[in-house]
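Got a structure for you, questions after.
Each chain gets a letter, A, B and so on, in the order its sequence line appears, and its residues count up from 1.
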Amino acid sequence: MKSIVLTAAIFSMAISCTNNKEKTSSQVETSKAAPDTTSMNMPATPATADISGIVTHYLHIKNALVSNNSSEAATAAKEFISVASSIDKTKLTTEGQKMFGDVSASLNEHATHISTNGSNIKHQREHFQELSEDVYDLVKVVGSNTTLYKDYCPMLKANWISETKDINNPYYGNGSDMATCGELKETLPNKP
Amino acid sequence: MKKGKIILLILLALFFLIQLRRPAKNIGPLHTSISFETLYQPPDSVRKILATSCYDCHSDSTRYPWYVNVQPVGWLMASHIKNGKKELNFSQFASYSQRRRRAKLKAMINQVRDDEMPLASYTFIHREGKLNEQEKKLFLNWLNMRADSVGKK
C-alpha cells in the first residue's frame, strides 16, 4: 500500500512540475562550427599582431603526427585553438584581416576535430590536411617570421608545412615506409 | 518479495517520469534556397542516397519513427541529430563558405569510403540506409567530381 502511494506521489509531482508541451525547433542554425574551448588551465595568451603563434602550434601538431603521437597532437590542437582565438586581427594588414576572416572558422573546426580525436590518428590526419591548407593560405598572405617549407604528399595529394627542409611526412609518421616520402613544393621565406 | 515489488514500481515510475521530458523535434524545411540540392542539383540517384542515408541526422528535417516518443530513445536521437547538424547540415549547405564546402565534401568522401558514415547504429535500424557497393561507388564518384570543382575562394 505504502509503495503504491509513494509511486503515485512521485508520478503526480512529475506531471505537475514537468512541461510536457512538444516544441518544434526550426531555427536557422549558424553555419559556423562552434569552437569547443573547454577550460584549459593555461595562462591567458596576449593579443598578438602576428600569426607566429598559429604557426608554432601548427608545427607542434605536425610534429606530433610525425611521431605518431595522437594524444600529443590533440593537446597541441587545443593550444592551437586558444592561440588562434586570441589573434588581434586589427593589427594585421587589410589583406591579412580578410584572409584571417576567411580561414578562422575553418582553423577552429579542423583543430577541434584534431583535439577531440586523441585516439584516432587517422581522423586527426584527415583534418590536419585541411588545417594545412588554411595555415598555408594564411601564411602566404600574412607572412611568417621564420622560413617555412610547403611539402606535398603525392599518395594522399595532401600538403603540409614544415620548419625544416627535411621531409618528415605527418600523414604516415615515423616507422612507416612513407615516413620520408614527399616533395618540397615551395619555400616561404621569412618576412622581416 | 515485497522489496522486489517496490523496486519494480519505482522503476516503472521512473520510466513514466522520463517519458514526460520530450526533446524538441527537428522538423524544419528540408530543401531551401540554401540547401545542398538547390546548390548542386545532384542526379536522382544521389538524391535518393542523401534522403535515405544522410538527411535524418544531417538536415533540418528528420523522419521520425513512432519510437522517438519513447525515452531514452528520443533523447539519444536528439543528441545524434544535434551533433550531426553541427558537423554538416545539407539544408543549409549553401550558407557555408567555399572553404567549408570543399572541406565538407572531402570529409564526406573520407567518411563514406571508410564506412564511418552512415553510422552503423543508424543502419542497424534503417537497413535501407546502408549503402551497397554500387551506391557507394556512385556516391563517391559524384562527390569526387563535386569536390574537384569547388575552389577554396
key: More than 12 heavy atoms from other groups under 6.0 Å of NE2 on B/His80   =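 Counting other residues, nucleotides and ligands, NE2 of B/His80 stays at 12 neighbours or fewer.
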task = Nearest 0.5 Å please: distance from the OG atom of A/Ser106 over to the CZ atom of B/Arg102.
result =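 The CZ atom of B/Arg102 is 11.0 Å from OG of A/Ser106, to the nearest 0.5 Å.
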Distance in Å, A/His110 NE2 paired with B/Arg100 CZ, rounded so as to fall on 0.5 Å steps = 8.5 Å
task = Heavy-atom distances under 4.5 Å only: say whether B/Gln111 touches chain A with side chain, backbone, both or neither.
result =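 Contact with chain A involves the side chain of B/Gln111 alone.
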request  = Answer yes if B/Val112 and B/Tyr122 sit in the same cluster of Ile, Leu, Val, Met, Phe, Trp and Tyr residues linked by side chain heavy atoms under 4.5 Å apart, and no otherwise.
outcome  = no
inquiry  = Between A/His127 and chain B, with a heavy-atom cut-off of 4.5 Å, which part of the residue counts as in contact: side chain, backbone, both or neither?
reply    =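 For A/His127, there is no contact with chain B at all, as no heavy atom is under 4.5 Å.
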inquiry  = Taking the basic N atoms (NZ, or NE/NH1/NH2) and the acidic carboxylate oxygens, is any pair closer than 4.0 Å for A/Asp134 and B/Arg99?
reply    =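 Yes.
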request  = Would you indicate whether B/Lys106, at its atom NZ, is surrounded by more than 12 heavy atoms from other residues, nucleotides or ligands within a distance under 6.0 Å?
outcome  = yes
Audit row: A/Glu109, B/Lys86, salt bridge (Lys or Arg N to Asp or Glu O under 4.0 Å) steps and yes/no = CA-CA 11 Å; A/Glu109 190 164 18; B/Lys86 184 176 154 194; over 6 Å; no
query = Under 6.0 Å from the CD atom of A/Glu183, do we count more than 12 heavy atoms belonging to anything else shown?
reply =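 Above 12, so yes.
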task = May I ask you to test the B/Asp114-A/Glu126 pair for a side-chain heavy-atom distance under 4.5 Å?
result = yes
ask   = Is the closest basic N to carboxylate O distance between B/Glu116 and A/Lys122 below 4.0 Å?
value = no
request  = Consider only side-chain heavy atoms of I, L, V, M, F, W and Y, link residues closer than 4.5 Å, and tell whether B/Phe124 and B/Ile81 are in one cluster.
outcome  = yes
query = Considering residues, nucleotides and ligands other than B/Gln134, do more than 12 of their heavy atoms fall under 6.0 Å from its CD?
reply =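 No, because the 6.0 Å sphere around CD of B/Gln134 holds 12 heavy atoms or fewer from other groups.
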